[in-house]
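Computed from a predicted structure; not experimentally measured.
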Amino acid sequence: AIVDEAALVDALRERRIAGAALDVLGPGAAPPPAPPADHPLFALDNVILTPHIGWQRVETRQRVVEQVTDNVIAFAKGQPTNVVNGLC
């Protein structure tokens, strides 16, 4: 997991951080398993949870298509973008 959920719950309960907005809970599987009904994040008033819908918006999908198109065109021109460790 990218976020240590237990540490996040503690930090939120103790107000060491003001809040959290999360789109995915759990191990990050695709699709992620549903959290149990008694998950501690559900009881906190400084948390916003969404049911893994960040990908669902048309604008999000359109932006991905645009990024892929831009990357392919740049690569074809010999000017690759988003290069990792000099490999392309």
Asker: Once side chain to side chain contact (heavy atoms under 4.5 Å, CB included) is applied, do any residues pair with Val47, and if so which ones, sequence neighbours excluded?
Answerer: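 Applying side chain to side chain contact (heavy atoms under 4.5 Å, CB included) to Val47 gives Leu12, Leu41, Leu44, Leu49.
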
Asker: Could you measure the distance from the CG atom of Leu8 to the CZ atom of Arg13? Nearest 0.5 Å is fine.
Answerer: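 It comes to 10.5 Å.
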
Asker: Treating Ile, Leu, Val, Met, Phe, Trp and Tyr as nodes and any side-chain heavy-atom pair under 4.5 angstrom as an edge, say whether Val68 and Ile73 lie in one connected cluster.
Answerer: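 Cluster IDs for Val68 and Ile73 differ.
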
Asker: Tell me, which pairs form a salt bridge (Lys or Arg N to Asp or Glu O under 4.0 Å) where one or both residues lie in residues 65-80, sequence neighbours left out?
Answerer: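 Pairs touching residues 65-80 that pass the test: Arg63-Glu66.
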
Asker: Under 4.5 Å between side-chain heavy atoms, counting indirect links through other Ile/Leu/Val/Met/Phe/Trp/Tyr residues: same cluster for Val3 and Phe42 or not?
Answerer: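 Same cluster: Val3 reaches Phe42 through Ile, Leu, Val, Met, Phe, Trp or Tyr contacts under 4.5 Å.
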
Asker: Pair Asn46, Arg15 - check side chain to side chain contact (heavy atoms under 4.5 Å, CB included), show working.
Answerer: CA-CA 9 Å; Asn46 53 347; Arg15 304 289 180 170; 3.2 Å; yes

Asker: Do other residues, nucleotides or ligands put more than 12 heavy atoms under 6.0 Å from Ile48 CD1?
Answerer: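 Open: at most 12 neighbouring heavy atoms sit under 6.0 Å from CD1 of Ile48.
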
